[in-house]
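In what follows, a structure is listed as structure tokens, so that the remarks can point back to it.
Order of the sequence lines sets the chain letters (A, B, ...), proteins ahead of strands, with each chain counted from 1.
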Amino acid sequence: DYKVAPPPLSSPAQTSPAQSIFFNDAKWSSMWYIHCNDDIHNCQSDMNIVGAWKRGYTGKDVVITILDDGIERNHPDLIQNYDNQASYDVNGNDMDPMPRYDASNENKHGTRCAGEVAASANNSHCTVGIAYNARIGGVRMLDGDVTDMVEAKSLSLQPQHIDIYSASWGPDDDGKTVDGPASLARQAFENGIRMGRKGRGSIFVWASGNGGRSRDHCSCDGYTNSIYTISISSTAESGRKPWYLEECSSTLTTTYSSGENYDRKIITTDLRQRCTDSHTGTSASAPMAAGIIALALEANPLLSWRDVQHIIVKTSRAGHLNAPDWKTNAAGYNVSHLYGFGLMDAEAMVKEAEQWKQVPAQHICVESADRQIRTIRPEHVVRSVYKATGCIDNSNHHVIYLEHVVVRITITHPRRGDLSINLTSPSGTKSQLLGNRLFDHSMEGFKNWEFMTTHCWGEKAAGDWILEIHDSPSQLRSQKIPGKLKEWSLVLYGTSVHPYSSLRSDKPRSAEPPADEEFTEEYNGLCNSECNENGCEGPGPHQCINCLHYFLKFKNNTRTCVSECPSGFFRDDRKRCKKCSSLCETCVGSRSDQCSTCRPGFHLNEGSNICVASCVDGFYLDHDSNMCRRCNENCKKCTTSNICTECKPGMSLQGNKCQMTCDPGTYYNGHRRTCELCHRACATCAGTGMEACNKCAESYFLEEWRCVSTCSVGYYMAEQTSDNGDVNKSCRKCDHSCYSCTGPGETNCSTCVNGYNLEAGVCVVSTICKDESWAEGSFCVLVKKNNLCQRKVLQQLCCRTCSLKG
Amino acid sequence: APCKARIYTNHWAVRINGGPEFADRIADKYGYKNMGQIGDLKDHYHFFHSRTIKRSTLSSRGGHSFISMEPKVEWIQQQVVKRRTKR
């Protein structure tokens, strides 16, 4: 790092992007929310203010005024940029907005806010404002009775000279107040956006509610709830929600501010020409946002009040801001109730502003009111659906692409704080219009109160809008009288042409106020078959207003309608095609364990549903289904479902199966899953009974497939000497001619069957042959050869041949 | 607890068709002082009445109330103090 001289007032910054900026202001190095991008400060998300400065934008020629309790115009850090024409004292009815001094310094608020915006840079004093070359004024209007007229005077001060009005105040954030601008202040807003800044519209920046601890909800503040104000939320350095923060659907964006006691706070000018590092709350965020908007206005002075809001929506980022309800709306914007569209990005805003084309004229569609009275019973939900057309019948009011959505509601109820209200857009985006407020015991209900949501920005207006009202009775509610939804209606703000569409005709920039023209270009040809009944802007599937089946979104934020999601994508419950994990060919979700089929070369793992290059142990590849399926139990490796090749420890492979290894003398009983004793005749066995012996016990001998203690009749004891010298005894079958025997062959018979006589160990036929039979000859030779002489009939038929020895 | 009753002041916002000179005449007629246009709001004027109660929980009634009967007075609103909190 090295010191760089600050840019002179009349020329942009001289520094190159690689050089870091250094100012000699006393607290410069402590401004943690500015120094996010250096290596020293561990900052997770940057508002990129230095980035905007390096592009040459410092707020030059932009005028901001702080509506508050005054401004110390002679503060050393404010005097250079102070603008008398942007200042007034409404409380004292004179031109000098100097604050009233007292022992408590209670009127320091305006001076603190002003320093954040436009404290001079590199003057050795205190801090550096976000727009350190902007003109800064102040209106003293809070140090006295604040009436509708006081507010209106302040909000309509010098609208052709002042670009931005910053307000860090509002109705009580006590969690039970419902209040907003009265008729004069509302008129000042409307006049301001219509005629201020030579027709481009005044910019009103408002600090969101500070009543987090009182469980307040900023939808009950009519100032932040207005479409004309940019409602600013706060986040702590850590990205955590500050204790004071309220949440609601009207918040647009966020800047850094204070958090817990141990979190760093905002550094700015203080009363009595001092400097403070203790500026806190959403009060610190609104001026910061005003300063950032000033940089964008320097980049493009022709931006309208709606252009500024569009740029904020487009460039704000979720970053590391911690919220439980971040969601992506149907237009692709991330939004939450705590932070709106996220953290402001000054550099991104000035870049957008440089090449910005003005958005089309605003259309306002007031849909018909639903006046059906519905009872709101305790612990029940009232649900009402309204089919909006977006005023399709009226080309001057037709809204296709949404900006703000306002819901006017009239409800009677015995305890207002027990109510919560949600609105769901046709695209499925749910906005919480009102949350429960524990301390709001009012019986006044809501009388045509306007709730506003920014969460549907960019979505389509036409379709079913769902209003839900929950009654959650608190313990403090004595009467369980039901409330009533008397009436509700939608007011849709937006355009009939896509705000960023290239179909719009380009108009050259002019210093004159733009005429109130409409850039309406309608396509009347045939729509693609994938478009639904809402029509299209052209013939292609990417020009449908809504898709018939599903839509596929691309990285450049365009989308196209498809009949089915392509390979590698799955369809979610909002008819979007979303990408599968990289190895999946088809899937049911985006995680790697949600594959249904796999890309070529990969196999789906049974059970875990992940795609693998090869099957792991315990699984075999089923070629038919291209899946890794589980081997049988106990099997470590297998080739099919029932052919195991390797067993798990403690198991032994027996054939194709794995069974528990048992001690000698026992066998594995598969039914009881235990080792059991073999038959006493078996030394080892494969099951019960002497028939299951693998090896005979001592004093038992193998006869055929069983072990016996003595050889059966028809068997003789045979001895066989093995190669290692062991003598193995077993029972072998006698010759067929013997009934019993003592050895092998026909000469060791010991007894003969009936009809045979034992002669010298040989059994011969004992029958006296009569006359020679007709069968004698070759037939009887065959009978004798096949040992059929034992059969009585054949013995008689072949008497002579059977009697012969041999 | 802060007072929840409405607190009326001795300031009025008036919408008069006819320009600043006509507004001055109307103000004089009923005892008001025309403090000038309200900001940039065309035809809207700030009227102050020194002889009514500076702060009251009741809206002011008297001879000055007949200003609303003037044909060119399109709209009139007695100003009420609002609770506004610095954040």
Quiz item: For A:D221, is it the side chain, the backbone, both or neither that has a heavy atom under 4.5 Å from a heavy atom of chain B?
Solution: side chain
Quiz item: Relative to chain B, which segment of A:P171 carries a heavy atom at a distance below 4.5 Å: side chain, backbone, both, or neither?
Solution: both
For [X], is it the side chain, the backbone, both, or neither that has a heavy atom closer than 4.5 Å to a heavy atom of chain A?
X	value
B:H44	side chain
B:W12	backbone
B:V81	both

[X] versus [Y], closest heavy-atom pair with distance:
X	Y	result
A:S183	B:Q77	OG-NE2, 3.4 Å
A:A207	B:R87	O-NH1, 2.7 Å
B:T85	A:D172	OG1-OD1, 2.6 Å

Quiz prompt | Those residues that, when tested against A:C220, pass disulfide bond (SG atoms under 2.5 Å apart) (two or more places apart) | solution = none
Quiz item: In terms of heavy-atom pairs under 4.5 Å with chain B, which of A:G110, A:A167, A:G144, A:S208 leads?
Solution: A:S208
Practice problem: Heavy atoms only, distances under 4.5 angstrom: which of A:L142, A:L157, A:D173 has the most pairs with chain B? Name it, please. | Solution: A:D173
Quiz item: Does B:D40 reach the main-chain N or O of A:S156 with its side chain, forming a donor-acceptor pair under 3.5 Å?
Solution: no
Quiz item: Got a sec, which pairs hit salt bridge (charged side-chain N to carboxylate O under 4.0 Å, His left out) with one end in residues 137-165 of chain A, sequence neighbours left out?
Solution: A:D89-A:R140, A:R100-A:D143, A:R140-A:D143, A:D145-B:R55, A:E151-B:R84, A:D163-A:R197
